[in-house]
Protein chains: 2
Amino acid sequence: MDNYIKVKFDKIDRKILEILQANAKITNAQLSKDIGLSPAPTLERVKKLEQSGIIKSYHAKLDPEKIGLGVSTFVLVGLIGHNKTNIEAFMKEIDHISEVIECHHITGTGDFILKIISKDITSYQKLMLEKVSEIKEVDSMQSMVILSTFKDSKVLPIPA
Amino acid sequence: MDNYIKVKFDKIDRKILEILQANAKITNAQLSKDIGLSPAPTLERVKKLEQSGIIKSYHAKLDPEKIGLGVSTFVLVGLIGHNKTNIEAFMKEIDHISEVIECHHITGTGDFILKIISKDITSYQKLMLEKVSEIKEVDSMQSMVILSTFKDSKVLPIPA
DNA sequence: AATTTTTGCCGCATTAAATTCGGTAAATTC
DNA sequence: GAATTTACCGAATTTAATGCGGCAAAAATT
């Protein structure tokens, strides 16, 4: 019931997790029907899943284009040094940039991959020139502009 | 109030969107306090944001490790042909694979970038060999394994 | 294998939240 | 500047969440 890898949950919990990933706004009453329990134990299970940290949070998903965000990209970033100090300095800077919505440390081509979202190409360029490439630990950058997003699932495939 | 790019919303709506992206489980009563309106018009605004498609859906975010998902990757996929037929055939196959949680058509290095999540390296390899590389339109694949995720924000930076 | 203990469930009562509605004021249109 | 629409509030109502006592099944103990 704390902070470590892999927590136990049964088939019913699994179903709850699948449902809440797909639709967090479902009422407890409806959820209880869907899983075949009464509301009380259903709610208890959800609370436990939250307390155990299996469920971390709940979020509204917006349509980027409708709020004026027309350009999404992935950026491979190579750092100058691969030591802990540099990496931490880089991450600290990235943390401040709200347009960077993801940042992963990776193997392979680059050192980091970022997901960036911005208004248009102009503001994207500005962001890259004035903020990302200004971070002194950054060596190389390679942008991949998203032409279209075919799949963007918020449902993780929970292993059997 | 339909399907096209960029819908109008004011400063209050903007704040609602920021709050609901960060915490979809907030009560309408609390949300109304946070934005400085009474519950009734607050609810009305949220409903409108949903109906207009600005808010697309609500999702629970899980901790991948706690449900036994230890390996996440990005995969750059090059296709054999770049014609519409091939691309659509590829997407159709990808759609069936639940471990592929994202699929974007991109400019630059590859043709597509996928985000994949699986149990461990063994099951990842199996997935790649038996499912992804079996898709006949797939030419090249380059995997980037995520060593750690530093930022994974569900909050889009809504332009002013 | 019987007893104890724990776990998980249900139904009901209570509390809290969402939703509806009528009325009013501000903003917009004509 | 009158008419119309839009957006707000407060209060009443409906609906949902939550808390609790009791019961039954499963698990642990002896």
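Below, chain A is the first sequence line, B the second, and so on; all start at residue 1.
At distances below 3.5 Å, not a single donor-acceptor pair connects side-chain atoms of B:Asn23 with backbone N or O atoms of B:Leu20. Although no hydrogens or angles enter the test, the distance criterion places no donor-acceptor pair under 3.5 Å between the side chain of B:Asn86 and the main chain of B:Asn83. Of the possible polar contacts, one joining the A:Lys66 side chain to the B:Ser52 backbone as a donor-acceptor pair under 3.5 Å is found. Formation of a donor-acceptor pair under 3.5 Å by the A:Asp111 side chain with backbone atoms of A:Val77 is not found in this model.
Applying the 4.0 Å criterion to OP1 and OP2 of C:dA18, one finds that B:Lys47 has every side-chain N and O outside that range.
With distances taken from any side-chain atom of A:Pro41 to the nucleotides C:dC10, D:dA17, C:dA17, the minimum falls on C:dC10. Nearest nucleotide to the side chain of B:Lys48, out of D:dA7, D:dT18, C:dC10: D:dA7. Of the listed nucleotides (D:dT18, C:dT19, D:dC9), D:dT18 has the atom at the smallest distance from the side chain of A:Pro39. Of the candidate nucleotides C:dG8, D:dA17, D:dG10, D:dG10 has the atom lying nearest to any side-chain atom of B:Ser38.
B:Asn28 places its CG atom 12 Å from the P atom of C:dT20, with the value rounded to the nearest Å. In this entry the distance linking CG of B:Leu43 with P of D:dA7 reads 15 Å, nearest Å. Taking atom CD of A:Glu44 as the reference point, atom P of C:dT7 lies 11 Å away to the nearest angstrom. D:dG10 atom P lies 11 Å from atom CG of B:Leu37, rounded to whole Å. We find that CG of A:Leu31 is positioned 12 Å from P of D:dT18, with the value rounded to whole Å. Here the C1' atom of nucleotide C:dA26 and the CD1 atom of B:Ile12 are 13 Å apart, to the nearest Å. The CG atom of B:Asp13 sits 15 Å away from the P atom of D:dT6 (whole-angstrom rounding). Atoms CD (B:Glu50) and P (C:dA18) sit 12 Å apart, rounded to a whole Å.
Each end of the helix from C:dA1-D:dT30 to C:dC30-D:dG1 gets its own rotation axis from five pairs of C1' atoms, and the angle between them is 50° to the nearest 10 degrees.
Taking the six-membered ring for Trp and thresholds of 30 and 60 degrees, B:Phe112 and B:Phe90 have ring planes inclined between 30 and 60 degrees apart.
Taking the six-membered ring where the residue is Trp, the centroids of A:Tyr58 and B:Tyr58 are separated by 6.0 Å or more.
Residues A:Ile117 and A:Ile101 come closest through the heavy atom pair CG2-CG2, 3.9 Å.
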List, with names and distances, any nitrogen or oxygen atoms from the protein found under 3.5 Å away from nitrogen or oxygen atoms belonging to nucleotides 20-26 of chain D.
none

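The CG atom of A:Leu69 sits 9.5 Å away from the NZ atom of A:Lys119 when rounded to the nearest 0.5 Å.
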Expected list for residues 139-158 of chain B: side-chain donor-acceptor pairs under 3.5 angstrom, two or more places apart:
residue  : atom : partner  : partner atom : Å
B:Ser140 : OG   : B:Gly78  : N            : 3.4
B:Gln142 : NE2  : A:Thr109 : OG1          : 2.3
B:Ser143 : OG   : B:Tyr124 : OH           : 2.7
B:Thr149 : OG1  : A:His104 : ND1          : 2.8
B:Lys151 : NZ   : A:Ile94  : O            : 3.3
B:Lys151 : NZ   : A:Asp95  : O            : 3.2
B:Lys151 : NZ   : A:Ile97  : O            : 2.9
B:Lys151 : NZ   : A:Val100 : O            : 3.0
B:Asp152 : OD1  : B:Lys154 : NZ           : 3.4
B:Ser153 : OG   : B:Val155 : N            : 3.0
B:Ser153 : OG   : B:Val155 : O            : 3.4

